[in-house]
There are 2 protein chains.
Amino acid sequence: MAMKALSKATIYQVAQLAGVSIATVSRAMRDSDLVTQQTRERVWAAARQLRFTPSRLGRSLAEGRHAANGIVFPDLVGPYYAEVILGYEAAAAGFGSSVLILATSGRDDAEAAVRELAGRVDGLTVMGQTVPDEVITSLAVPVVLLARDPVPGVDTVRARNAGTAKQLVEHLLGHGHRRFTFVGDPDVAPDVRGRWDGVRQALSKAEPPHLVRTQGFDLEAGERAPLQPGRAVVCANDEIALGVLLAAEKAGLRVPEDLAVTGWDDLLAARFAGLTTVRQPMRELGATAARWLNRRITEDTEHPAAPRRRVLPTRLVVRRSCGIHSPEVHR
Amino acid sequence: MAMKALSKATIYQVAQLAGVSIATVSRAMRDSDLVTQQTRERVWAAARQLRFTPSRLGRSLAEGRHAANGIVFPDLVGPYYAEVILGYEAAAAGFGSSVLILATSGRDDAEAAVRELAGRVDGLTVMGQTVPDEVITSLAVPVVLLARDPVPGVDTVRARNAGTAKQLVEHLLGHGHRRFTFVGDPDVAPDVRGRWDGVRQALSKAEPPHLVRTQGFDLEAGERAPLQPGRAVVCANDEIALGVLLAAEKAGLRVPEDLAVTGWDDLLAARFAGLTTVRQPMRELGATAARWLNRRITEDTEHPAAPRRRVLPTRLVVRRSCGIHSPEVHR
DNA sequence: TTGAAAGCGCTACCAC
DNA sequence: GTGGTAGCGCTTTCAA
């Protein structure tokens, strides 16, 4: 006897095998109480035999919803985005929504890709400067912005940048540092812009900080940054800072004696490099975005709630690289 | 005049506005050369005016394909999975396929979630021991296994484990280490089992290694592992190894003098902790899985190719933690 | 409790 | 070139 092909069975085949109508199969599969136990079992048996899994396509089309939402991010490099996405996925799963991901980095058609994605989901979370504002506002599905400058009428979740950056600079001032360098590009990511703003604000009455613009935000960017002894180097993120650390070591500069260095994100590596940094609630960022998006998706379109804004707190994590601490060294 | 609602327009509305049939709209939207330039522009104008984006649902249903595939993984903790997924997404985007993600960790209904996911995609990549083999084989879509023990008839991509683990142990033997401990749980992940097997093989004629089973694979697991000076501690991954490093420092044990420690994955942190480890081609793993899956999806179902197996090479990265090196210290 | 049938939005085939 | 229309697989009235 020939092997039964396990290609996708449809509701019609199940109905035929079970000797019922497709309506009954539909009901039985979704545990409607409009079918008798006996019928339900007949249908289930048929479904199992045919390896029937209802097509989401048919279902979604009929229901008018995808039961899925998407998240757009620049890249997945470094643990930051991964953690955010994980928090997002977990929250989305909580209300029965699948998650589609889209990385825009290294894609020349980011906008088209986002539009295409928008057609597959009930809502979209957009991280950072992945696409222009016009795209955001012209999408036909609800959007939540994450780590991005607010757009009128759109919900936005961010992590505190400027405030904690000021705190960081004040801590460095407390160590006696007076000359500051900021490494990163404020024009590329809103998060970085916020950190840079905070640094400048904190130094508004002191010597203004240097800005070293980097090409990217990775180790290499930090390694390429010019080093000047006696400065406090505030980096846009941990990877750059770690690159600076590497370059300093190569150049024979001691940290923090000759050079103070700080990062942002509190990567695992920061702990082992003794890097002073700032911790962000990454999963919480993702989870919040997912929850808000779900609210938008399910809300009454006639009476939409006012746009929400939230800035989640971040926390300074002091380690060795920012200066000598009197009694103990933190880890 | 009331604001035009920007809710999803359908092909019918565009057709009406443009004064053509839906068939023509369909053609015009997909740049078919069966429409005149003039008509095309009329349709485009109407579409723009209505903010029309073709529904993927309708399209997919009609075309009989989702143009999407899924990847299932246990968790997104640590850069490992993130990198794999990024490689996967990039490759999938290359042939016009969207990516759905599913994290099974912390989900009690992993199997149901995978089946549901299978109904939304043209194919599925399954990483590690996320669901039982029976689920894999009973899915109605093509599957590629990633970092998982092969299942008959299913494509599998893995990274070399046992071979490089042997090499690692031989390196440690070269340093004079004779007593080994392996930290991790070989029964939880096939990758870990492979590494453990390699360690045992390399020591088949020497004193057999201890096995310290951990609960998870994170820093805490490593910190909790009992420490015995004079042993070479081969850890299942970098996070555990870093935990061991932390615990050793706390216990006043010097690495590598009192204790040799090695990890696996070559996280960024490993570099800064001076941890000897093994590097995996993570993106390449993901990209390979995506490519193979695409081949399965598009192949002639009547004449399926034989199941493919591939083991990608991994590379020993020697740093300080495994023992004293004569001239220079590697970074 | 079950069945028949009308969509959901789109593609593709067949006429014109 | 363009239009009409039959599905694609499912949910959901409306009847029976």
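Chain identifiers are assigned alphabetically (A, B, ...) following the order of the sequence lines, protein sequences preceding nucleic acid strands; residue numbering begins at 1 within each chain.
Contact of A:R27 with C:dG3 (side chain to base): a donor-acceptor pair of N or O atoms is detected under 3.5 Å. You won't find any donor-acceptor pair under 3.5 Å spanning the side chain of B:Y12 and the base of C:dC8, going by distance alone.
Taking only side-chain nitrogens and oxygens, A:T24 comes nearer than 4.0 Å to OP1 or OP2 of C:dG3. Between A:S60 and the phosphate of D:dC10, there is no side-chain N or O to OP1/OP2 separation shorter than 4.0 Å. In this structure, A:S55 does not reach the D:dG9 phosphate: none of its side-chain N or O atoms is under 4.0 Å from OP1 or OP2. For C:dT11, the OP1/OP2 oxygens have a side-chain nitrogen or oxygen of B:R30 closer than 4.0 Å. Between B:S26 and the phosphate of C:dT11, there is a side-chain N or O to OP1/OP2 separation shorter than 4.0 Å. Listed pair A:R59 / D:dT11 meets the phosphate criterion, a side-chain N or O lying under 4.0 Å from OP1 or OP2. The phosphate of D:dT2 (OP1 or OP2) has a side-chain N or O of B:T39 nearer than 4.0 angstrom.
B:R56 comes within 4.0 angstrom of no nucleic acid atom, judged by non-hydrogen atoms across all strands. Using a 4.0 Å heavy-atom cutoff across all strands shown, A:V25 reaches no nucleic acid atom at all.
Summarising the geometry, the separation between CG on B:L61 and C1' on C:dC8 is reported as 9 Å, rounded to the nearest angstrom. Regarding A:H66, its NE2 atom lies at a distance of 16 Å from the C1' atom of D:dT11, rounded to whole Å. Atoms CE (A:M29) and P (D:dT11) sit 9 Å apart, rounded to a whole Å. Rounded to whole Å, the distance from CG on A:D33 to P on C:dT2 is 12 Å. The distance from atom CD of A:Q13 to atom C1' of D:dG9 is 11 Å, rounded to the nearest whole Å. Separating the CG atom of B:L34 from the P atom of D:dG3 is a distance of 12 Å, rounded to the nearest angstrom. Across the protein-nucleic acid pair, B:D122 atom CG and D:dC8 atom C1' stand 14 Å apart, rounded to whole Å. As a whole-Å value, the separation of A:L57 CG from D:dC8 P is 13 Å.
In the set D:dG3, C:dA4, D:dT11, D:dT11 carries the atom at the smallest distance from any side-chain atom of A:I11. The B:E63 side chain lies nearest to C:dA12 when the options are C:dA12, D:dG3, C:dA4. Of the candidates D:dG9, D:dC8, C:dT1, the closest approach to any side-chain atom of A:T10 belongs to D:dG9.
Salt-bridge annotation for A:R115 and A:D109: absent, with no side-chain N of the basic residue lying under 4.0 Å from a carboxylate O of the acidic one. The existence of a salt bridge linking A:R107 and B:E89 is confirmed by a sub-4.0 Å separation between a basic side-chain nitrogen and an acidic carboxylate oxygen. By the 4.0 Å N-to-carboxylate-O rule, B:E284 lies too far from B:R310 to be salt-bridged with it. Between A:R296 and A:D122 there is no salt bridge, since no side-chain N of the basic residue sits under 4.0 Å from a carboxylate O of the acidic one.
Heavy-atom distances to DNA chain D give each of B:T36 and B:I22 a nearest nucleotide, and the one nearer the 5′ end belongs to B:T36.
Shown here for A:P281 and A:L312, the closest heavy-atom pair between the two residues is CG-CB, 3.8 Å.
Taken to the nearest 0.5 Å, the CZ atom of A:R48 stands 11.5 Å off from the OG atom of B:S138.
At its two ends the helix from C:dT1-D:dA16 to C:dC16-D:dG1 runs along axes set 40° apart, each axis drawn from five pairs and the angle rounded to 10°.
Surrounding CD of B:Q37 are more than 12 heavy atoms belonging to other residues, nucleotides or ligands, all under 6.0 Å away.
Looking only at side-chain heavy atoms (C-beta outward), B:R40 and B:D31 come within less than 4.5 Å of each other.
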